[in-house]
Undergrad: 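To start, I am sharing the structure in question, which I have written as structure tokens.
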Amino acid sequence: GEPVFRSEYQVTTLLDKLELKSNTTMLDYGCAKSGTYRKLSMLRPDLILSLFDVSDRYTEFWSSFAMPDRWAVGEIPDEWNASFDVVTSFQVIEHINTPMEEVKKFNTILRSGGVCYLTTPNIKSVVHSYLGDKWNVICYPEHLGYFSPKTLTKVFRENGFNKKELLAQDISITRLK
């Protein structure tokens with residue numbers, strides 16, 4: 001078969017999991033280069049895509065597919081409160097020192113009925129049980145927190161979210177050291 005890159009997989013899975021109507025407003029939270037939204041913008045130009053990261057080092061890359069008024073760096077602008085139908089966060093929450101505060105922000109920037117779509121490694125996965133410290137996800141100080149389906153559900157519930165779906169996937173050959 002052909003290799004599938006992370007951003008391609010993330011777009012395919014996102015489009016499979018969420019019904020995204022035309023003009024759906026979306027924010028990629030902690031996006032870095034946002035290769036996922038770049039691919040999404042090519043497949044679905046009818047979506048309104050915004051980008052947020054703590055660093056401005058990726059803005060040149062963002063300019064290839066998003067307008068500067070759809071970016072934020074460092075802080076979420078107040079005018080973005082209650083303005084998104086979907087907030088995505090791909091492999092970010094494990095890098096954050098204050099995950100409860102960040103999830104609370106997700107709820108603030110989502111419209112009523114909005115969806116948060118998040119991915120993070122599963123600390124209770126079979127692969128972690130098997131590999132132990134050979135699992136390359138365990139890498140302090142890059143990863144500051146680890147979540148199981150149970151702890152992730154708790155973080156979101158304590159910040160006003162209702163769980164629609166939680167999918168725990170286990171095996172990824174790319175996670176071997």
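Keep in mind it's a predicted model, so treat the numbers as computed, not measured.
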Undergrad: So, Tyr37 side chain and Leu27 main chain: donor-acceptor pair closer than 3.5 Å or not?
TA: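 Yes, the answer is positive, given that a donor and an acceptor are paired below the 3.5 Å cut-off.
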Undergrad: Is there side-chain contact between Asp28 and Leu49, with at least one heavy-atom pair below 4.5 Å?
TA: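 Counting from C-beta outward, Asp28 and Leu49 never come under 4.5 Å.
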Undergrad: Between Leu14 and Ile48, is there a shared hydrophobic cluster once you connect ILVMFWY residues whose side-chain heavy atoms come closer than 4.5 Å?
TA: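 The answer is no; the residues belong to distinct hydrophobic clusters.
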Undergrad: Does the Ser34 side chain pair with the main chain of Thr36, one donor and one acceptor, at a distance under 3.5 Å?
TA: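 No: the side chain of Ser34 does not pair with the backbone of Thr36.
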Undergrad: Tell me if a side-chain donor or acceptor on Ser64 pairs with a main-chain N or O of Glu60 at a distance below 3.5 Å.
TA: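 Not confirmed, Ser64 side chain does not pair with Glu60 backbone.
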Undergrad: Are any side-chain N or O atoms of Asn107 and backbone N or O atoms of Val103, one a donor and one an acceptor, separated by less than 3.5 Å?
TA: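 Pair absent, no side-chain N/O of Asn107 close to backbone of Val103.
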Undergrad: Donor-acceptor check, side chain of Asp85 to backbone of Thr24, threshold 3.5 angstrom: yes or no?
TA: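 Not at all, since once roles are kept as given, no pair shorter than 3.5 Å links the two residues.
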Undergrad: Does any non-hydrogen side-chain atom of Phe90 lie less than 4.5 Å from one of Leu118?
TA: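 No. Closest side-chain heavy atoms not under 4.5 Å.
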Undergrad: Treating Ser148 as the side-chain partner and Thr151 as the backbone partner, does any N or O pair qualify as donor plus acceptor under 3.5 Å?
TA: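 Looks like yes, one N/O pair under 3.5 Å.
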Undergrad: Do you know the tightest heavy-atom contact between Pro77 and Ala72?
TA: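 Looks like CD-CB, 3.5 Å.
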Undergrad: Pair Cys116, Leu110 - check side chain to side chain contact (heavy atoms under 4.5 Å, CB included), show working.
TA: CA-CA 8 Å; Cys116 181; Leu110 280 167; 4.3 Å; yes
Undergrad: Got a salt bridge between Lys154 and Glu158, using NZ or NE/NH1/NH2 to carboxylate O under 4.0 Å?
TA: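 So Lys154 pairs with Glu158 through a salt bridge.
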Undergrad: Can you find a heavy atom in the side chain of Arg44 that is under 4.5 Å from one in the side chain of Leu20?
TA: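 Yes, side chains in contact.
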Undergrad: Can you tell me if Glu19 has over 12 outside heavy atoms packed within less than 6.0 Å of its CD?
TA: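 At most 12 heavy atoms, drawn from other residues, nucleotides or ligands, come within 6.0 Å of this atom.
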Undergrad: Does Thr59 reach the main-chain N or O of Asp56 with its side chain, forming a donor-acceptor pair under 3.5 Å?
TA: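 Checked: pair present.
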Undergrad: Going from OG1 on Thr12 to NZ on Lys39, what distance comes out if it is rounded to the nearest 0.5 angstrom?
TA: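 Going from OG1 on Thr12 over to NZ on Lys39, the span is 9.5 Å.
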Undergrad: In terms of heavy-atom contacts, does CZ of Arg111 have more than 12 from other residues, nucleotides or ligands at under 6.0 Å?
TA: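 Correct, the count exceeds 12.
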Undergrad: Got Phe65 and Leu51 here, is their nearest side-chain heavy-atom distance under 4.5 Å?
TA: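 Yes. Closest side-chain heavy atoms under 4.5 Å.
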Undergrad: Decide yes or no on side chain to side chain contact (heavy atoms under 4.5 Å, CB included) for Met26 and Thr88, but give the supporting numbers first.
TA: CA-CA 7 Å; Met26 301 178 67; Thr88 60; 4.2 Å; yes
Undergrad: Is a side-chain donor or acceptor of Thr25 paired with a backbone partner of Ser83 at a separation under 3.5 angstrom?
TA: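 Yes; at least one donor-acceptor contact below 3.5 Å.
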Undergrad: When hydrophobic residues are tied together by side-chain contacts of less than 4.5 Å, even through go-betweens, does Val11 share a cluster with Tyr9?
TA: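 Each belongs to a different hydrophobic cluster.
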Undergrad: Hydrophobic clusters here meaning ILVMFWY residues chained together by side-chain heavy-atom distances under 4.5 Å, can you tell me if Val155 and Val87 are in one?
TA: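 Both belong to a single hydrophobic cluster.
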Undergrad: Are side-chain heavy atoms of Trp62 and Asp53 found at a separation under 4.5 Å?
TA: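 Heavy-atom side-chain distance check passes, below 4.5 Å.
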Undergrad: Would you give the length of the straight line joining atom OG1 of Thr13 to atom CG of Leu18, rounded to the nearest 0.5 angstrom?
TA: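 CG of Leu18 is found 10.5 Å from OG1 of Thr13.
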Undergrad: Could you tell me if Thr108 and Asn81 have a donor-acceptor pair between their side chains, going purely by distance under 3.5 Å?
TA: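 There is no such pair between these side chains.
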Undergrad: Do other residues, nucleotides or ligands put more than 12 heavy atoms under 6.0 Å from the CE atom of Met42?
TA: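 Enclosed.
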Undergrad: Using 30° and 60° as the class limits, which term best fits the ring planes of Phe156 and Phe161: parallel, tilted or perpendicular?
TA: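 Plane angle over 60°, so perpendicular.
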Undergrad: Please examine the side chains of Phe84 and Ser50, heavy atoms only from C-beta on, and report whether any two atoms are closer than 4.5 Å.
TA: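 When only atoms from C-beta onward are counted, Phe84 and Ser50 do touch, with a gap below 4.5 Å.
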Undergrad: Within 45° of the ring axis of Phe61 and under 6.0 Å from its six-membered ring centre, is that where the NZ or CZ of Lys33 lies?
TA: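 Positive - Lys33 is close enough to the ring of Phe61 and near enough to its axis.
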Undergrad: Could you see if Tyr29 belongs to whatever hydrophobic cluster contains Val73? Use Ile, Leu, Val, Met, Phe, Trp, Tyr and a side-chain cutoff under 4.5 Å.
TA: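 Different clusters.
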Undergrad: Step by step, work out the side chain to side chain contact (heavy atoms under 4.5 Å, CB included) result for Phe106 and Ser89.
TA: CA-CA 10 Å; Phe106 296 165; Ser89 187; 4.1 Å; yes
Undergrad: Please tell me whether Val115 and Leu152 are part of a single hydrophobic cluster in this structure, the criterion being side-chain heavy atoms less than 4.5 Å apart.
TA: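 No, no single cluster joins them.
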Undergrad: Kindly check if the number of other-residue, nucleotide or ligand heavy atoms within 6.0 Å of NZ (Lys104) is above 12?
TA: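 12 or below, so no.
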Undergrad: Is there a side-chain contact between Thr98 and Ile96, using heavy atoms and a 4.5 Å cut-off?
TA: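 Result yes, sub-4.5 Å side-chain heavy-atom pair found.
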Undergrad: With the side chain counted from C-beta on, respond yes when Leu40 and Leu47 share a heavy-atom pair under 4.5 Å apart, and no when they do not.
TA: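 When only atoms from C-beta onward are counted, Leu47 and Leu40 do touch, with a gap below 4.5 Å.
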